[in-house]
Amino acid sequence: MPELPEVETLSRQLHQKICGRKILSSTVYDDKLVHIKNVRGRRVIAVERDGKMIDICLDDGNSISVHLRMTGRFLWQENAAKPKHGRWRMGFDTGNLFLIDPRRFATVTKLKKVKSDPGKDILKKFDFKGFVKNYGSRKTKVKSLIMDQRVLSGIGNIYACEILFKAGIHPERAAATLTEGDWKKLFHHAKELLKAAIQKRGTSISDWRDLSGCRGENQYELKVYGQEGNICCLCGKVIARIKQGGRSTFYCPCCQK
DNA sequence: AGAACCGCCTGCTTGC
DNA sequence: TGCAAGCAGGCGGTTC
């Protein structure tokens, strides 16, 4: 599932491919997306990432915001033949951009471009002091907190598990029990991990692919996610899996306190 | 405030 | 082999 590194990868590739290009056609194949209108003839002036959203900024001041949710992805194709699970196509003079989404959870909205808060994005102007002040004394579990998109933007289940492992913090700890040192460690590893994952063009678990249909390579770097029953690379004990609000959490009971 | 659950979806895995 | 049930989960919404 696309999280910050995957969305950043796509966003950069898209910017490269369609920035400055005019949208010659727009074809919607999925009834859930029929609201996508008034796109033809517009020129793309930028493609930006906003948390897990991809914003395709147009020359009329609007922006097409795409959230890929679970299985959404973009594919660039020279020909206009609809690929399997193709939900939407935008035609450019250089080729065709398809939104592919087997499970149809992805959402597309067209709206006036609004500036979001870069202080919530770990790789932008992240506001560490503001975070600790506003959320550091919450009673909620630390994993739920860092996955809350209103609090931090971009972190999903896979990277949340990996970040907490690197930082040696148990996913069920109440946020309020973390010291400033714990938070510093957590955000240090979060930054490093997310940057490294972008370098690897994302984590290709299940069906994630980049704009050219290529797999990322970060799945080989995962230490706990999907590793239930395997041996921890640090201590040799068995990786555990628990449910937190219906979602799987993977962690090492020995290394994460 | 916080946690759990549901609905949205479809492909894949599991069990008989 | 084939079919049905179960499972996966980001997010918004509801409920306790």
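Computed from heavy atoms alone, side chains included, the values below leave out hydrogens, waters and symmetry copies. Chain identifiers are assigned alphabetically (A, B, ...) following the order of the sequence lines, protein sequences preceding nucleic acid strands; residue numbering begins at 1 within each chain.
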Below 3.5 Å is the cut-off: list the nitrogen or oxygen pairs between protein and nucleotides 10-13 of chain C, distance only.
from: C/dG10; atom 1: O3'; to: A/K52; atom 2: NZ; distance (Å): 3.4
from: C/dC11; atom 1: OP1; to: A/H67; atom 2: NE2; distance (Å): 3.1
from: C/dC11; atom 1: OP2; to: A/K52; atom 2: NZ; distance (Å): 3.3
from: C/dC11; atom 1: O4'; to: A/R69; atom 2: NH1; distance (Å): 3.1
from: C/dC11; atom 1: N4; to: A/R247; atom 2: NH2; distance (Å): 2.4

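- Contacts classified as ring-ring contact (aromatic ring centres under 6.0 Å, His included) and involving residues 229-257 of chain A (residues at least two apart or in different chains) are given here: A/H170-A/Y251, A/Y225-A/F250.
- Evaluation of the salt bridge (charged side-chain N to carboxylate O under 4.0 Å, His left out) test over residues 88-102 of chain A, restricted to residues two or more places apart or in two chains, returns A/R21-A/D93.
- A/K84 comes within 4.0 angstrom of no nucleic acid atom, judged by non-hydrogen atoms across all strands.
- Residue contacts shown for A/T107 are absent, as no nucleic acid heavy atom lies under 4.0 Å away.
- Both tests do not hold together for A/K120 against A/F126: distance to the six-membered ring centre under 6.0 Å, angle to the ring axis within 45°.
- Other residues, nucleotides and ligands contribute over 12 non-hydrogen atoms within 6.0 Å of the NZ atom of A/K124.
- Side-chain atoms of A/W88 and A/S26 include a donor-acceptor pair closer than 3.5 Å.
- For A/W183 and A/F131, the gap between ring centers is short of 6.0 Å.
- Grouped by direct or indirect side-chain proximity (heavy atoms under 4.5 Å, Ile/Leu/Val/Met/Phe/Trp/Tyr only), A/V238 sits with A/I231.
- On the nucleic acid side, DNA chain B contacts chain A at distances under 4.0 Å to non-hydrogen atoms, with the end points of that region at B/dG2 to B/dG11.
- When the shell of 6.0 Å around NZ of A/K32 is examined, it contains more than 12 heavy atoms from other residues, nucleotides or ligands.
- For the segment residues 127-139 of chain A, the set of residues with a heavy atom within less than 4.0 Å of an atom of DNA chain B comprises A/R138, A/K139, in numerical order.
- For the residue pair A/T140/A/Y135, the side-chain donor-acceptor check at 3.5 Å is not satisfied.
- Paired with A/I155 under the rule side-chain contact (heavy atoms from CB on, under 4.5 Å), one option of A/L145, A/L4, A/D121, A/I122 passes, and it is A/I122.
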